[in-house]
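Written out below as structure tokens is the structure these notes cover.
Each residue takes its place number in the sequence, starting with 1.
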Amino acid sequence: MTKFTIGIVREGQIPPDNRVPLTPRQCHEMVLHNNKLDIRIEWSPIRCFKDGDYKKFGIGVQEKVDNCDLLMGIKEVPIDRLISGQTYMFFSHTIKMQARNKGLLKAILEKKITLIDYELLTDDQGHRLIGFGRWAGIVGTHYALLMLGKRHGTYDLKPARECLNLQELVDQYDEVQFPASKFVITGGGRVAQGALEIMERAGISQVSKEDYLAKEFDKPVFVQLHSADLYQRKDGQEFEQQHFYANPSEYDEIFKPYLSKTDILVNCMYWDIHAPILFSDEDTQSKDFRVKIISDITCDVPGSIPVTIKSTSSDDPIYGFHIKDKSIGKPYQEDTIDVMAVTNLPNELPRDASRDFGKIMTETVLPKIMNYPEDPMFERATIAKGGKLTPRFSYLEQWIAG
């Protein structure tokens with residue numbers, strides 16, 4: 001009997017990513033319940049689950065995992081490791097024409113690789129099925145609380161990367177009294193849900209937009225702002241979310257009233273390059289500008305936050321943006337806005353994040369994998385096939401050629 005083979009590749013990005021698309025137990029359970037499936041693991045010294053963990057569950061670990069029906073990873077596969085003619089599934093970060101991955105997509109086309117992107121896996125209604133957004137929100141909001149303690153000099157929190165799991169991370173909050181401060185959380189998707197989870201675990205209360213703007217509080221509070229709270233149509237018509245997503249250039253930002261009322265901004269919102277930015281460099285020069293801490297979880301550079309002028313890593317996650325001369329230096333200075341812009345936040349809790357990711361994969365995605373490529377879910381998520389871009393992503397042709 002011919003089996004459908006899945007190979008889990010070794011992550012090759014620098015800095016290294018420790019996450020996995022499927023945990024050892026998830027691999028075991030999938031093979032146990034499907035005798036037409038085989039899963040192979042490419043050896044790796046850096047995974048959060050070790051090679052030996054997979055072997056204990058009877059999953060083979062090999063030097064190479066070529067000649068599989070599907071190769072799965074997390075981050076972009078290095079160009080020199082791409083195998084011609086194979087089918088890959090990973091986060092490619094190419095559909096927004098990200099400059100750093102132009103060469104990757106070009107190589108995928110040259111090698112006639114089929115590329116399925118996790119980010120594009122959706123149900124029939126267009127809702128995303130899978131991602132690490134919740135964990136980005138959790139880790140990024142924890143950074144906001146960590147930065148608040150550093151700036152006030154009143155408490156210290158371990159960063160997520162030094163915690164075994166989410167429970168150890170949130171247990172720290174039991175020993176902390178957070179100072180009176182006001183947080184804005186932007187967005188309403190998975191990232192924002194992770195942020196709200198941390199605010200609840202930290203005992204920080206949510207207040208209405210009206211009270212947030214009109215009152216000061218003797219405890220930490222937050223407000224959640226959705227797209228309709230941040231943007232308005234230029235033509236004066238009522239905000240419509242789908243219209244905004246399709247025509248972001250037809251909107252103005254209305255965030256300015258919050259700039260004089262906010263101490264910490266936790267940015268969880270998807271941003272389109274044609275949408276207005278939330279505030280300007282000139283706004284930061286105003287004596288009424290109050291924001292001193294920004295956890296920019298979305299981390300678009302350039303993006304909706306003008307002081308996010310570079311991305312950061314977990315080894316050096318926070319910088320100080322000097323308002324007067326727009327230079328970068330040490331955070332927590334009198335004249336700095338402190339910015340966290342780590343691009344790989346979920347990797348700071350890799351075991352928890354991988355379990356969550358793999359659970360969704362095994363429940364919603366991989367049960368249909370035997371029907372590839374006929375299943376519409378995979379058709380929607382396929383960027384390239386047979387040396388060509390699929391019709392949905394033909395808009396990338398000029399970018400690649402340029």
Identify the heavy atoms of M377 and L129 that sit nearest to each other, and give their distance.
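Looking at all heavy atoms of both residues, the shortest contact is SD-CD1, 3.3 Å.
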If you look at every heavy atom in P317 and T312, which pair is closest and at what distance?
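Of all heavy-atom pairs spanning P317 and T312, the closest is O-OG1, 2.9 Å.
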Using atom types as modelled and distance alone, determine if a side-chain donor or acceptor of [X] lies under 3.5 Å from a backbone N or O of [Y].
X: H33; Y: E29; answer: yes
X: K102; Y: W399; answer: yes
X: D283; Y: S280; answer: yes
X: E348; Y: R161; answer: yes

Are R380 and T122 close enough that a side-chain donor and a side-chain acceptor fall under 3.5 Å?
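Judged by distance alone, the side chains do pair up.
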Basic-acidic side-chain contact under 4.0 Å: K158, E168
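So K158 pairs with E168 through a salt bridge.
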A quick test of your reading: do over 12 heavy atoms of other residues, nucleotides or ligands sit less than 6.0 Å from [atom1] of [X]?
X: Q206; atom1: CD; value: yes
X: R351; atom1: CZ; value: yes
X: K112; atom1: NZ; value: no

Between [atom1] of [X] and [atom2] of [Y], what distance do you get to the nearest 0.5 Å?
X: F321; Y: I305; atom1: CZ; atom2: CD1; result: 12.0 Å
X: K75; Y: E11; atom1: NZ; atom2: CD; result: 8.0 Å
X: I323; Y: T284; atom1: CD1; atom2: OG1; result: 5.5 Å

Classify the ring geometry between Y395 and F393 as parallel (under 30°), tilted (30 to 60°) or perpendicular (over 60°).
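If you compare the ring of Y395 with that of F393, the planes turn out tilted.
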For the residue pair F239 and F244, categorise the inter-ring angle as parallel (less than 30°), tilted (30 to 60°) or perpendicular (more than 60°).
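Judged by the thresholds at 30° and 60°, the geometry between F239 and F244 is tilted.
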A side-chain contact here means heavy atoms from C-beta on lying under 4.5 Å apart; do [X] and [Y] qualify?
X: V223; Y: V221; result: no
X: I328; Y: K310; result: yes
X: L166; Y: R201; result: yes
X: V65; Y: V9; result: yes

Let me see the working for F289 and I337 under side-chain contact (heavy atoms from CB on, under 4.5 Å), right down to the final yes or no.
CA-CA 10 Å; F289 188 87; I337 301 170; 3.6 Å; yes
Between F357 and Y118, is the ring centre distance below 6.0 Å?
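Yes.
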Assess whether salt bridge (charged side-chain N to carboxylate O under 4.0 Å, His left out) is satisfied between K64 and D66, documenting all intermediate values.
CA-CA 6 Å; K64 294 182 179 181; D66 46 6; 5.5 Å; no
Could you walk me through whether T262 and I264 pass side-chain contact (heavy atoms from CB on, under 4.5 Å), step by step?
CA-CA 6 Å; T262 298; I264 303 104; 5.5 Å; no
H28: which of F57, F49, Y54 passes ring-ring contact (aromatic ring centres under 6.0 Å, His included)
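That would be F57; it is the only one of F57, F49, Y54 passing the ring-ring contact (aromatic ring centres under 6.0 Å, His included) with H28.
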Should S394 and E397 be marked as a side-chain hydrogen bond (donor to acceptor under 3.5 Å, both in side chains) after you check the CA-CA gap, both sets of side-chain angles, and the distance that decides it?
CA-CA 6 Å; S394 59; E397 286 177 358; 5.4 Å; no
Please determine which of H93, E76, K106 meets the side-chain hydrogen bond (donor to acceptor under 3.5 Å, both in side chains) test together with N101.
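Answer after filtering H93, E76, K106: E76.
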For S313 and D315, run side-chain hydrogen bond (donor to acceptor under 3.5 Å, both in side chains): C-alpha distance rounded to whole Å, both residues' side-chain angles, the deciding distance at 0.1 Å, then the answer.
CA-CA 5 Å; S313 68; D315 293 333; 4.7 Å; no
